[in-house]
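Taking it in order: structure first as structure tokens, then the write-up.
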Amino acid sequence: MPIDFSKIPSPCYVIDELLLRKNLEVIKQVQKAASIEILVAFKAFSNWGVFPIFKEYGFGASASSIHEARLAFEELGVKAHTYSPAYEEKSIADILKYSSRISFNSINQLQKYLKRAGQTGVGIGLRVNPEFSDTGYDLYNPCKPGSRFGVTAEQLGDGVPPGVEGFHFHTLFEADSFALERVLAVFSRKFGPFLSKLKWVNMGGGHLITRKDYDARHLVQLLFDFRNRHPVEIILEPGSAFTYRTGYLVSTVLDIVENKGIKTAVLDVSFTCHMPDCLEMPYKPVILGATDERAGKPTYRMGGISCLAGDFMGNWSFDQELEPGDKVIFDDMIHYTTVKTTMFNGVRHPSLGIWNEKSGFGLIREFNYQDYKSRLS
Ligand SMILES: Cc1ncc(COP(=O)(O)O)c(C=O)c1O
């Protein structure tokens, strides 16, 4: 049974279980074909209400904070591979408890925690910075000059620091395997001489393996070739790829207002609170049944429910005029979106649900006044 949006309460993020399982299957097959380990990057998706589904596929987790590491342990049942730009004294003991591997961002941090990490038997990695990324978005480029991420080849000098068994790098954003190939060429040139001393290389995230045109065969071949040159264990930690195009944000038109000929549909959701990447990146999301602005068709801005003046995006055209009560459904609103929401302005937080083709809609979580109140004092 295809998803029936009339059965979904508004506002609500809804995951389509079938689409989620398709992604998990694709990633599992790539993991097997390439003989690598693929971790779920919690930063992109960590709604643990659906982890029972993830557990069926047996992926590990990549964490970047104490809370993500703990959540991986408690709800996915795995010890995380953890990386953070810096670790605090007050949380390092717990991070080590919940991690199987820990990567440090700098030589200072490595030296500070090396002894403690070594005593726990957690594998120790160092984030390196290949200083190369061809992502077009500065916001998502960790390799720009002045970046705070990782040790450059120049800073590393001519040796792997004692205790380090793996390198971790992250350079890509929603990229294909050919972008990884370009990164690996630079990485091998700069760091290749060190790799014979290492057990593993974590090639970070940004691999959009589940996009229709992603060439998984090329990825597999690329990784085999890399391992032929450098016999190390390879780890990838994509985030977006797991929940890419697996669900929607369902909203409702509350009012239509007009100013200087611009019609705005005021919704029960907010771009700044519930779709923040649209404003941050920025990008224009797809609305089901709507198109980009077309002359002669009813055309609207979508306006958020918060008081932020810039909480709107434009413009979409529809076949018919919109009216209060109509549903507006934003596509691809799961990865990064559901983890980045806020309760700014006290606006109602969308519920979280899942659509199963046999049983229909299942509500996972609703949010209420207490959720809002409890974070404020
Ligand atoms: C270190 C690291 N690993 C993995 C990821 C996940 O990347 P993506 O969700 O683009 O696959 C990120 C994203 O910022 C990251 O910083």
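Here the structure is a predicted model, which is why all the values come from computation and not from measurement. As the structure lists them, so they are numbered: ligands from 1, and atoms in each ligand from 1.
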Which of parallel (below 30°), tilted (30 to 60°) and perpendicular (above 60°) describes His218 and Phe178? parallel
Considering non-hydrogen atoms only, spot the tightest contact between Ile256 and Leu322 and give its length. CD1-O, 3.8 Å
Which residue and heavy atom of the protein sit nearest atom 2 (C) of ligand 1, plus the separation: Lys43 NZ, 3.4 Å
Only one of Tyr283, Phe312, Phe330 forms a ring-ring contact (aromatic ring centres under 6.0 Å, His included) with Phe271, so which one is it? Phe330
So, His170 side chain and Gly205 main chain: donor-acceptor pair closer than 3.5 Å or not? yes
Checking heavy atoms under 4.0 Å, the part of His335 that sits near ligand 1 is neither
If you count the atoms of ligand 1 from 1 in the order shown, which ones are under 4.0 Å from a heavy atom of His168? 1 (C)
Is Ala241 close to ligand 1, meaning an N/O of one under 3.5 Å from an N/O of the other? no
Contacting atoms of ligand 1, where contact means under 4.0 angstrom from a heavy atom of Tyr336: 6 (C), 7 (O), 8 (P), 9 (O), 10 (O), 13 (C), 14 (O)
Check the angle between the aromatic planes of Tyr113 and Tyr87 and answer parallel, tilted or perpendicular using the 30° and 60° thresholds. perpendicular
For atom 12 (C) of ligand 1, the closest protein heavy atom turns out to be His170 CE1, 3.3 Å
Taking the six-membered ring of Phe224 as reference, does the cationic atom of Arg227 (NZ for Lys, CZ for Arg) lie under 6.0 Å from its centre and within 45° of its axis? yes
Under 4.0 Å from ligand 1, counting heavy atoms only, is it the side chain of Arg127, its backbone, both or neither? side chain
Using heavy atoms and a threshold below 4.0 Å, how should the contact between Tyr140 and ligand 1 be classified: side chain, backbone, both, or neither? neither
Below 4.0 angstrom from a heavy atom of Ser240, which ligand 1 atoms are there? Numbered from 1 as shown, please. 8 (P), 9 (O), 11 (O)
Interatomic distance, Leu139 atom CG to Phe173 atom CZ [nearest 0.5 angstrom]: 8.5 Å
Can an N or O of Gly239 be found at a distance shorter than 3.5 Å from an N or O of ligand 1? yes
Protein contact to atom 4 (C) of ligand 1 [nearest heavy atom, distance to 0.1 Å]: Glu237 O, 3.2 Å
Under 3.5 Å, is there a donor-acceptor pair between the Trp200 and Glu165 side chains? yes
